[in-house]
Amino acid sequence: MATRALLGELVAAFLARSSHEVELESVGGVDAARRVRADEAFDVVVLASEVIDSLAAEGRIVAGSRVDLVRSGVAAAVRAGAPRPDVSSEDAVRRAVLAARSISYSTGPSGVHLAKLFERWGIADAIQGRLVQAPPGVPVASLVAQGDVELGFQQLAELVHAQGIAVLGPLPDAIQLVTTFAGGVAETSTRRDAARGLLAFLASPAAASAARRHGMEPA
């Protein structure tokens, strides 16, 4: 989901200069990996790089087809107009989490990272009743905007264009998680040359400015 808006823009640009047809479907990473493992037919798969590697090891992504696309960091957000806690340091983020009435994170890499961080800080049990994990495919930003949760954490790319929220900023370097999203050619693909052409375009210099507009950096 972190790459949904970016891929939508880049696929449109690819179609403008290509004779190929592309149908883009964006779902949560957990669901995407499950569907690939169920041998659904796809030509290109875009997921966190370690998941692409796992799928390749399982024989579901063509060996050697991985292409790193973008790097994405985690940010924090509150509802628009709400008080803005400090998130400029690790200790400040910890205080903000402890003070929040409810905290949300995703099922993706950022959510796994936050859960481990709360354990390391020794506060996981204290905040357990206040944690709301967004279901796969449901943006944390939507829960924050609706007032369902007070403090949300997710990939900056999923927060930067969301309505009804205020992005507090990226996590500080000491606790930041940068996820590399990569693409690979699915073993089920019957259009492998075209799939490689799309991946090459997604990783080209022409895509770099779009990546930055969507809160990410080219890989």
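Sparse packing is recorded around CZ of R101, with 12 or fewer heavy atoms of other residues, nucleotides or ligands lying under 6.0 Å away.
Taking 4.5 Å as the limit, some side-chain heavy atom of I52 sits within range of a side-chain heavy atom of V45. Residues S106 and Q133 form no side-chain contact, since every pair of their non-hydrogen atoms from C-beta on lies 4.5 Å or further apart. Between P218 and V70 the shortest side-chain heavy-atom distance does not fall below 4.5 Å. Taking 4.5 Å as the limit, every side-chain heavy atom of V74 sits out of range of all side-chain heavy atoms of Y105. Taking the side chain as every heavy atom from C-beta outward, V97 and F153 approach each other to under 4.5 Å. E58 is listed as a side-chain neighbour of R37, based on a closest heavy-atom distance under 4.5 Å. Side chains of V167 and V160 form no contact here, defined as non-hydrogen atoms less than 4.5 Å apart.
Cluster membership check: V178 does not share its hydrophobic cluster with V46, using side-chain heavy-atom separations under 4.5 Å among Ile, Leu, Val, Met, Phe, Trp and Tyr. Residue I103 is grouped with residue L168 when hydrophobic side chains (ILVMFWY) are merged at heavy-atom distances under 4.5 angstrom, including chains of intermediate members. The hydrophobic cluster containing L98 also contains W121, counting ILVMFWY residues as joined when their side-chain heavy atoms lie under 4.5 angstrom apart, directly or transitively. In the hydrophobic clustering of ILVMFWY residues, with side-chain heavy atoms under 4.5 Å counting as a link, F201 and F42 come out apart. No continuous path of hydrophobic side-chain contacts links V30 to F181 [ILVMFWY only; heavy atoms under 4.5 Å].
Donor-acceptor pairing under 3.5 Å is recorded for the side chains of S88 and D86. Judged by distance alone, the side chains of E9 and H214 do bring a donor and an acceptor atom under 3.5 Å apart. Judged purely by distance below 3.5 Å, without hydrogens or angles, the side chains of S72 and Q155 pair a donor atom with an acceptor atom.
Side chain of T3 to backbone of L6: no donor-acceptor contact under 3.5 angstrom is found. No donor-acceptor pair under 3.5 Å is formed between the side chain of S102 and the backbone N or O of R130. Looking at S18, its side chain never comes within 3.5 Å of a backbone N or O of L15 through a donor-acceptor pair. In this structure a side-chain-to-backbone donor-acceptor pair under 3.5 Å is present from R79 to A145. Between the R192 side chain and the E187 main chain, a donor and an acceptor come within less than 3.5 Å of each other. Within the 3.5 Å criterion, the main-chain N or O of P139 finds a donor-acceptor partner in the side chain of S142. Checking side-chain atoms of S189 against main-chain N and O of V185 turns up no donor-acceptor pair under 3.5 Å.
A salt bridge links R120 to E90: at least one charged side-chain nitrogen sits closer than 4.0 Å to a carboxylate oxygen. For R60 and D39, the salt-bridge test passes: some basic side-chain N is under 4.0 Å from an acidic carboxylate O. We find that R191 and D193 are not joined by a salt bridge, their nearest charged nitrogen and carboxylate oxygen being 4.0 Å or further apart. Between R212 and E217 there is a salt bridge, since at least one side-chain N of the basic residue sits less than 4.0 Å from a carboxylate O of the acidic one. Of the charged side-chain nitrogens involved, at least one lies within less than 4.0 Å of a carboxylate oxygen, so that R35 and E40 count as a salt-bridged pair.
We find the OG-CG distance between S204 and L199 to be 11.0 Å, quoted to the nearest 0.5 Å. Rounding to the nearest 0.5 Å gives a distance of 9.0 Å between CG of L198 and CG of D43.
Residue L7 is tested with L202, V44, V22 for a side chain to side chain contact (heavy atoms under 4.5 Å, CB included); the sole match is L202.
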